[in-house]
Amino acid sequence: MKGSRCLHQLKSLRLLSHAGRLLPPAAAGDNGALFRLHSSSQLGGLQCPQREVLRHFHSSPACTKSQPAGFVQEEDKTRDKSLVAHDDLFQQVTKEAKTKATFNKVIDVYIKRDIRRRGHVEFIYAALKKMPEFGVEKDLTVYNKLLDVFPKEVFVPRNFIQRMFNHYPRQQECGVQLLEQMENYGIMPNIETKVLLVQIFGEKAHPMRKYQRIMYWFPKFKHVNPFPIPEQLPEDPVDLARFSLTRMANDWDAKVTVYQLPCTDITESGAEVTLPHIVGIQSPSQMEALAKHNPCRPVFVEGPFPLWMRKTCVYYYVLRADPTPPEEKIEEPYDPERCFIYPLQLDLDLGRDLGDDESFDVEDLDEGPVFAMCMTSQGDQATLNQWISGLQQSNPILGQIPTLFRLGAGPHELQGVGDADSASRSWFSSHVHKEEAHPGEEAEAVVEEEPRRSQGVKQ
Amino acid sequence: MMNMNRLIVFSRTFRIGQRLLGCHARHAGQEELRLQQRRSIKTHSRHLAYAKDLFLGQVNKAEVFPYPEIGNDELEEIKQFVAPVEKFFSDDVDSAKIDREATIPPETLQGLKDLGLFGIMIPEEYGGLGLSHTIYARLNEIIALDGSIAVTLAAHQAIGLKGILIAGNEAQKKKYLSKLASGEHIAAFCLTEPGSGSDAASIQTRATLSEDGKHYLINGSKFWISNGGMADIMTVFARTEVEVDGVKKDKISAFIVERAFGGITSGKPEDKLGIRGSNTCELSFDNVPVPVENVIGEIGGGFKIAMNILNSGRFSMGSSCAGMIKKLIELTSEYAATRKQFNKSLSEFGMIQEKFAMMALNAFVMESMAYLTAGMMDRPGIPDCSLEAAMVKVFSSEGGWICVSEALQVLGGLGYTKNYPFERFVRDCRILPIFEGTNEILRMYIALTGMQYAGKILTGKIKEMKKGNIGLAIGMVSKKLRTSLGASVDLGLTGKDGVVHPSLEDSAKKLEQNVSLFGSTVESLLYRYGKTIVDEQLVLKRVADVLIHMYAMTAVLSRASRSISIGLRNHDHEVLLANTFCNDAFFKNNYWMVQLQKHSPENNDANIKKIAKQVLENRAYICSHPLERTY
């Protein structure tokens with residue numbers, strides 16, 4: 001275990017080391033001490049000036065109070081400048097193409113540009129913000145690469161006082177923020193992340209704690225959903241409808257029927273007519289319930305109701321009825337001549353004892369039966385009528401039951417949200433700077449953005 | 001017809017007696033209750049409820065002690081019949097061939113007919129052998145050596161023609177029984193349908209009266225009919241419209257249908273795991289005209305008939321299994337004695353010895369139960385031994401399955417090949433827990449019948465207790481205290497008026513303890529669940545298991561006591577077997593009864609139900625694979 005972990009560390013180390021020097025195989029059997037030695041020697045060889053400069057800031061316990069203050073002031077001054085620079089960096093690339101390759105290129109450019117990595121915290125914040133734009137927000141290697149921007153060793157507390165107080169809080173906070181963004185996108189860190197964090201912040205720093213918490217909860221929660229939604233939803237609306245309906249029905253016997261496939265027709269007058277898809281689902285028990293429905297009472301087609309599948313919203317319609325009034329409920333009388341072998345009921349005047357009565361007193365609200373569900377791209381009455389007539393083939397009783405349509409505002413009414421979406425995005429971009437200044441809000445903002453955009457997509 | 005009427009009258013009076021008891025019990029203490037009960041039952045020709053009385057914690061010893069004996073003339077009969085049948089089965093029946101070719105050769109069938117085996121229990125006046133239940137059970141020991149033949153014969157006479165025998169009128173008996181007895185006609189029992197096993201409400205086959213009122217037209221299809229392909233006479237159950245109190249209702253009726261009536265088609269014989277030589281197929285009825293005089297009993301009375309046929313056919317499985325196990329012991333012991341491993345013969349290994357002891361024990365218990373039950377059924381009057389018969393069936397079918405598989409195990413890999421008959425026995429034996437009522441449903445029957453009986457008598461007492469009758473409660477508590485302090489229970493099996501031989505005294509005491517504990521367990525179950533106990537299948541299963549084992553203990557005690565008394569050869573071995581079995585059963589019973597207590601740690605019911613629910617909801621084993629993903 002330890003050996004393999006060490007190997008991992010070495011591998012990542014090789015990744016890190018710009019020299020790309022091969023380590024002797026004997027090092028694999030050794031532990032962290034050796035590893036630290038190697039890395040520091042490499043880093044020492046490579047980044048000597050930077051290291052010495054930074055060391056100067058934090059390692060000396062005897063340094064005066066004014067020194068850190070001065071550092072902060074200096075930071076404040078440079079922040080705005082560097083921010084612009086970093087944004088520029090991304091902005092320049094944006095003109096080419098927003099891909100993983102270009103994103104990586106930006107990071108490489110930044111690393112090469114300044115050996116001291118000045119303003120790396122700001123750079124990382126800016127990069128985190130831009131990640132979704134480049135479509136790399138779910139890429140673990142990119143996060144690791146971004147984490148690699150932090151200079152190594154320098155933030156590791158080296159005595160108990162440093163360990164006791166928040167050592168390099170801004171850097172630690174930035175590291176936590178990076179991990180948090182990973183968490184929000186559901187990306188699980190790997191051993192390389194851990195190695196980097198240990199190198200950057202040390203074994204017991206906040207980012208490391210964050211990492212440990214993630215590793216504690218993630219495996220537990222990531223797969224906790226007993227009804228997982230696949231990463232990639234089906235593209236085809238019919239397949240998507242089929243998938244969502246079976247998901248909602250939660251009945252193994254339920255059968256999906258495609259009543260109409262989407263197609264485009266040209267009528268005689270030359271007008272183009274697009275026929276919507278109609279996909280329905282019904283289970284045998286629903287059919288049974290419908291067959292027993294009192295034909296004097298109407299059934300209702302209701303909808304549309306939204307259903308969220310990850311970032312996609314689909315709409316469905318149900319065929320339902322009002323709950324049966326108590327006077328119409330007939331309980332099947334006990335037939336003693338039902339079972340050939342044993343009595344199905346005992347002829348006794350004894351009920352269940354209170355101590356064994358395990359039923360809860362739940363206010364049981366009868367919501368009325370749902371007989372079938374369907375999904376269609378066009379929720380007007382004509383289309384839904386087509387669904388009902390399709391249903392009628394397997395449920396002949398529908399011919400006798402009055403069917404009422406109670407359709408709410410269709411998904412089309414919600415199209416306005418699309419505009420709102422674009423508006424919000426422009427608001428968003430105009431507030432980028434502001435939000436960058438408060439890194440804590442950023443992840444939240446990213447999450448918020450998702451539903452809005454997807455609504456636009458779905459239409 | 002007459003028999004049926006008597007049965008109905010009888011059960012009705014019995015029910016009245018029970019109701020009377022219920023009323024009295026409300027005002028009476030337990031002593032008085034017992035008195036009442038005796039009084040009311042004395043009006044009948046005989047006590048008939050050994051197993052049911054166990055639910056009250058009573059041993060009705062007059063019913064089962066001494067072990068039933070047969071007369072000398074019957075003994076002669078047995079000697080006369082058994083030898084030729086045994087000879088026929090060892091010389092003329094090639095079971096391997098029957099199994100391989102999935103058919104019984106006509107000459108074998110003819111041989112069986114010549115021996116009269118198609119009409120063992122049909123009275124002599126109708127051309128049958130007219131033998132008793134006991135001799136029927138004895139013959140079945142031999143017949144069971146070939147599963148296919150046993151099932152063919154059982155389908156013919158244990159259920160196929162039983163309807164005519166127990167509920168048919170004189171004309172029907174005269175017309176059909178003689179040809180059935182000779183084997184000229186073969187009978188089948190048509191109850192099961194594609195959508196209906198034990199559920200009468202889902203029977204779809206319908207009989208409608210023709211316009212002239214002379215015929216019923218039967219339409220529908222029946223499933224898994226043994227002898228379906230070769231039967232000439234069938235007992236068919238179908239739905240008929242009956243007017244009850246001016247309301248038209250569907251009720252089941254039984255009909256005698258001849259294949260010659262036309263309109264009957266049989267499907268392809270089923271390809272089965274075992275009993276391959278027996279013919280099982282689907283039968284379709286397409287407007288089969290059945291004359292009204294072929295209705296068995298009265299129209300609409302088919303349910304009772306079906307129940308009685310099914311109840312009466314089960315007792316012989318005990319002797320069949322015992323016969324089979326005895327044969328298996330012969331076959332395997334030879335191998336165990338000759339096969340050497342590490343310079344020792346197999347028979348010297350403890351684990352092999354255990355298997356033989358287990359087989360001997362099982363054979364002994366089954367035999368004892370089967371002949372005790374057969375003896376009870378042979379007594380004058382119309383004894384209702386359906387509960388006992390069901391217990392014999394459950395015990396022997398499950399014991400048989402274990403014994404057959406252990407016998408195969410003795411031979412190891414050899415037993416698994418077709419060179420030896422063991423694999424065939426295993427396959428044939430697997431049907432036993434399934435047919436004639438699955439063991440699950442029979443356990444429900446066993447437990448619920450007893451619960452109903454005990455519930456009727458105990459209702460008053462339990463209601464008093466629920467109301468908070470201090471006297472009763474104190475009585476209960478002191479009784480429990482006494483038993484928990486180790487006071488011995490004396491139900492009269494041993495001692496001055498004892499019926500059990502002193503060398504079995506310990507075992508008898510164990511039975512008495514079990515019975516007494518069972519009585520109070522039943523009482524507490526009734527107190528806790530009342531009539532909702534119907535839904536507590538796991539509870540009922542244990543109740544049934546305890547009862548079955550108590551009945552088995554009774555049977556071996558009774559039999560071994562008799563064997564000692566009349567000095568049968570090797571009766572010391574019987575005593576050994578009886579004591580061993582009782583010891584084993586005593587512990588099992590105690591364990592089950594502890595499980596029946598509410599909060600006992602042994603009781604895993606809630607977890608079992610939860611596991612099953614989660615699995616069934618997903619229709620799969622839901623744990624993720626240990627290799628599914630990494631951390």
Side-chain angles (χ1 to χ4, degrees), chain A residues 1 4-5 8 140 186 188-191 193-194 211-212 214-228 231 246-247 249-254 283-285 288 332-359, chain B residues 15 22 191 196-202 237 249 251-252 300 302-304 306-307 309-311 390 437-438 441-449 451-452 454-456 458-460 462-463 466 524 526-536 540 598 606 617-619 622 624 628-631:
Chain A
M1 179 63 212
S4 71
R5 221 155 109 193
H8 260 294
L140 175 61
M188 189 148 96
N190 63 0
I191 195 78
T193 323
K194 185 181 180 183
Y211 168 84
Q212 283 164 343
I214 291 177
M215 291 309 271
Y216 179 81
W217 289 113
F218 248 55
K220 290 178 183 61
F221 282 148
K222 199 172 177 186
H223 303 277
V224 82
N225 187 356
F227 309 103
E231 203 65 45
T246 33
R247 211 180 133 73
N250 196 21
D251 184 332
W252 289 79
D253 296 319
S283 70
S285 50
E288 211 174 289
E332 217 172 284
Y334 168 60
D335 177 9
E337 298 198 352
R338 176 83 196 254
C339 178
F340 284 114
I341 299 182
Y342 71 95
L344 294 174
Q345 277 184 23
L346 290 188
D347 177 22
L348 287 181
D349 192 20
L350 285 172
R352 211 179 177 84
D353 189 52
L354 282 176
D356 281 279
D357 194 0
E358 278 150 8
S359 60
Chain B
R15 215 171 288 152
L191 178 65
S196 161
S198 312
D199 184 359
S202 41
F237 292 85
K249 265 178 86 176
K251 293 199 111 184
I252 309 292
F303 182 82
K304 280 256 148 55
M307 231 167 91
I309 294 172
L310 291 170
N311 279 339
T438 63
I441 210 165
L442 284 180
R443 282 197 164 92
M444 293 290 283
Y445 170 69
I446 293 165
L448 285 177
T449 314
M451 281 292 174
Q452 173 73 71
K456 279 279 176 210
L458 295 175
T459 303
I462 290 170
K463 281 200 162 165
K466 288 203 177 186
S524 79
L526 281 168
Y527 183 91
R528 285 171 55 195
Y529 296 114
K531 62 180 174 185
T532 63
I533 198 160
V534 183
D535 305 319
E536 303 291 328
L540 291 173
K598 193 176 178 189
E617 260 172 16
N618 292 282
R619 298 193 187 173
I622 55 172
S624 47
E628 193 184 87
R629 66 181 175 92
T630 55
Y631 176 75

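Note that the structure is predicted; figures quoted are calculated from it, not measured. All chains are named by letter (A, B, ...) in the order of the sequence lines, taking the proteins before the strands, and each is independently numbered beginning at 1.
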Does any heavy atom of chain A fall under 4.5 Å from the side chain of [X], the backbone, both, or neither of them?
| X | value |
| --- | --- |
| E628(B) | neither |
| L448(B) | both |
| L526(B) | both |

For this session: Quick one: list whatever passes ring-ring contact (aromatic ring centres under 6.0 Å, His included) with Y334(A), sequence neighbours left out.
Result: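 Per chain and number, Y334(A) pairs via ring-ring contact (aromatic ring centres under 6.0 Å, His included) with no residue.
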Problem set entry | L344(A) portion near chain B, given a 4.5 angstrom heavy-atom threshold |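 For L344(A), backbone heavy atoms alone lie under 4.5 Å from chain B.
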For this session: Sort D356(A) into side chain, backbone, both or neither according to what part of it lies under 4.5 angstrom from a heavy atom of chain B.
Result: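 For D356(A), the contact with chain B is made by backbone and side chain together.
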Picking from [options], which has the most non-hydrogen pairs under 4.5 angstrom with chain A?
| options | answer |
| --- | --- |
| R528(B), M451(B), M444(B), K466(B) | R528(B) |
| A390(B), S202(B), S196(B), S198(B) | S198(B) |
| I462(B), D199(B), I533(B) | D199(B) |

For this session: List in chain and number order the residues that pass side chain to side chain contact (heavy atoms under 4.5 Å, CB included) with I622(B), two or more places apart in sequence or in another chain; answer none if no residue qualifies.
Result: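 Once residues adjacent in sequence are excluded, the partners of I622(B) under the side chain to side chain contact (heavy atoms under 4.5 Å, CB included) criterion are Q614(B), N618(B).
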For this session: Could you check which of N250(A), L350(A), D335(A), L354(A) has the highest count of heavy-atom pairs closer than 4.5 Å to chain B?
Result: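 Of the options given, most contacts go to L350(A).
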Exercise. After noting the C-alpha distance and the side-chain angles of R352(A) and E536(B), does the key distance pass the side-chain contact (heavy atoms from CB on, under 4.5 Å) rule?
Worked result: CA-CA 11 Å; R352(A) 211 179 177 84; E536(B) 303 291 328; 2.7 Å; yes
Exercise. For the side chain of K194(A) and the backbone of P189(A), is there at least one donor-acceptor N/O pair under 3.5 Å apart?
Worked result: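 Not at all, since once roles are kept as given, no pair shorter than 3.5 Å links the two residues.
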Exercise. Where do L540(B) and R443(B) land on the side-chain contact (heavy atoms from CB on, under 4.5 Å) test, with the steps shown first?
Worked result: CA-CA 7 Å; L540(B) 291 173; R443(B) 282 197 164 92; over 6 Å; no
Problem set entry | Atom pair CZ (F340(A)) and CG (L191(B)), whose distance is rounded to the nearest 0.5 Å |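 Here the rounded value is 4.5 Å.
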Problem set entry | Criterion side-chain contact (heavy atoms from CB on, under 4.5 Å) on T193(A) and L140(A), from CA distance to verdict | CA-CA 9 Å; T193(A) 323; L140(A) 175 61; 4.2 Å; yes
